[in-house]
Amino acid sequence: MKKVLFASTALVATAFAAPNFASAQSVSAGNADISFGGYARWGVGYNEDRDEETIIISRFRLNIDASVETDNGLRFAATVRGQADENSDGTAGALEFGAARYQVSVGGLRVRVGNISGVYDDATGFAHFDGDLGLEDTIGISNTFGFPGAAYDNDAGDNGVLINYAFGDFTVAGSYVDESGIEGGLGTDDEWQVGATYTFGDYTVGALYGDDQGDEFWLVTVGGSVGAFGFAALIGENDANVDDNDNGEGDIAYGLTVNYEFGAATTVLASFAGGGDAQSEAFGVGFVHSLAAGTTLRGMVGQDADDVVKADLGVRFDF
């Protein structure tokens, strides 16, 4: 079983030319290849701050990627994503598709436009989402940092540009979104991010800086593995996390997740996050147990940064 915390950072250089799902099945239509992939998860979730504290939780995500490749190696692609989640009252949610994202890539260069993720959400080579606990990834090292910038939207989304370039062990990236619309011109509604990662042996470090409508943020992450142990760590500052005593600047956020593999099938994880003007620290323990054929049993128990106790248990399979 691959290291849970290091799986997303070890394949940085090869990830650019592929869609965001690893088990996709492809069919041909004319000159194009159409790939279908995603995952499904379901189980039981507990949240002491919810009207219905214990409910059935679920998600179905379907990625559809259409692509063509020219004789000189240029790959053109377009992607849409459909997703269905449970509602907060425990009822089943309907499948909804988000706006499209478009891509051209060649060698180590990848350019995406449309309904993009920013550098932070794209997270190629960064460790801030590695080792999130449980079926719903509820608790992790980024809990007290917040979520700055653009994210792939399951609805209309903002138009933007995301550029990644990998060369050797280095990766650089930049993203830009004009959240007021192109006709508004450059201004305070703009959101941009730049970042870089470097992989050496079993370790990857990353640094990111950005501005989300006037709120500046920076982040440094490191992830890696030593034998059966894996880890991911984060430190950063997000000016969106401001209280009355901050003089316009957020507090430093930090986090650490460690994991240990027991044999080939089971991984146990523990995570902690603090700072960042959160009401409380976020912490928890969880596990991932492989059932083979891309299926895992997952669970966790912990407390989030709002001092709310949460737990979940269920199954996920990737396709």
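Salt-bridge check for Asp65 with Arg75: passed, with a basic side-chain N closer than 4.0 Å to an acidic carboxylate O.
Looking at every heavy atom in both residues, Asn164 comes nearest to Thr124 through ND2-CB, 4.2 Å. Shown here for Ala166 and Thr171, the closest heavy-atom pair between the two residues is CB-OG1, 4.0 Å. Shown here for Tyr203 and Ser225, the closest heavy-atom pair between the two residues is OH-O, 3.8 Å. Across Ala127 and Ala232, no two heavy atoms sit closer than the pair O-CB, 3.8 Å.
Other residues, nucleotides and ligands contribute at most 12 non-hydrogen atoms within 6.0 Å of the CG atom of Asp71. Around CG of Leu291, the count of heavy atoms belonging to other residues, nucleotides or ligands within 6.0 Å exceeds 12. Remark: Asn87 CG is packed, more than 12 non-hydrogen atoms of other residues, nucleotides or ligands lying under 6.0 Å away.
Considering Leu135, Leu297, Val44 in turn, Leu297 is the only one that fulfils the side-chain contact (heavy atoms from CB on, under 4.5 Å) rule with Leu313. For the side-chain contact (heavy atoms from CB on, under 4.5 Å) criterion with Phe217, the lone passing option out of Asp212, Asp211, Asp239 is Asp212.
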### Query
Are Val301 and Val285 close enough, and set up right, to give a side chain to side chain contact (heavy atoms under 4.5 Å, CB included), and what steps lead you there?
CA-CA 6 Å; Val301 60; Val285 294; 3.9 Å; yes

### Task
Could you walk me through whether Arg110 and Asp122 pass salt bridge (Lys or Arg N to Asp or Glu O under 4.0 Å), step by step?
CA-CA 12 Å; Arg110 183 188 72 188; Asp122 182 64; 3.1 Å; yes

### Query
Going through the distances and angles, do Asp121 and Arg112 end up as a salt bridge (Lys or Arg N to Asp or Glu O under 4.0 Å)?
CA-CA 13 Å; Asp121 185 48; Arg112 288 176 169 174; over 6 Å; no

### side chain to side chain contact (heavy atoms under 4.5 Å, CB included) evaluation trace for Ser58 with Asp85
CA-CA 6 Å; Ser58 62; Asp85 294 288; over 6 Å; no

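At distances below 3.5 Å, not a single donor-acceptor pair connects side-chain atoms of Ser105 with backbone N or O atoms of Leu109. In this structure a side-chain-to-backbone donor-acceptor pair under 3.5 Å is missing from Asp306 to Val308. Checked by atom type and distance alone, the side chain of Gln193 never pairs as donor or acceptor with a backbone atom of Gly174 at under 3.5 Å. For Asn115 (side chain) and Ala99 (main-chain N/O), a donor-acceptor pair under 3.5 Å exists by modelled atom type. Of the possible polar contacts, none joining the Ser290 side chain to the Ala265 backbone as a donor-acceptor pair under 3.5 Å is found. A donor-acceptor contact shorter than 3.5 Å links the side chain of Ser175 to the backbone of Val119. Ser280 places no side-chain N or O within donor-acceptor distance of the main-chain N or O of Asp307, the cut-off being under 3.5 Å.
Residues passing the side-chain contact (heavy atoms from CB on, under 4.5 Å) test with Glu53 are Tyr46, sequence neighbours excluded.
Aromatic ring centres of Phe170 and Tyr198: separated by under 6.0 Å. Taking the centre of each ring, Phe231 and Phe229 stay at or above the 6.0 Å mark.
Both tests hold for Arg316 against Tyr39: distance to the six-membered ring centre under 6.0 Å, angle to the ring axis within 45°.
In the hydrophobic clustering of this structure, Ile64 groups with Phe60; members are Ile, Leu, Val, Met, Phe, Trp, Tyr whose side-chain heavy atoms approach within less than 4.5 Å, directly or through other members.
For residues 75-124, every residue pair satisfying the ring pair (Phe, Tyr, Trp, His ring centres under 6.0 Å) rule, not counting sequence neighbours, is listed here: Tyr120-His128, Tyr120-Phe129, Tyr120-Phe145, Tyr120-Phe147.
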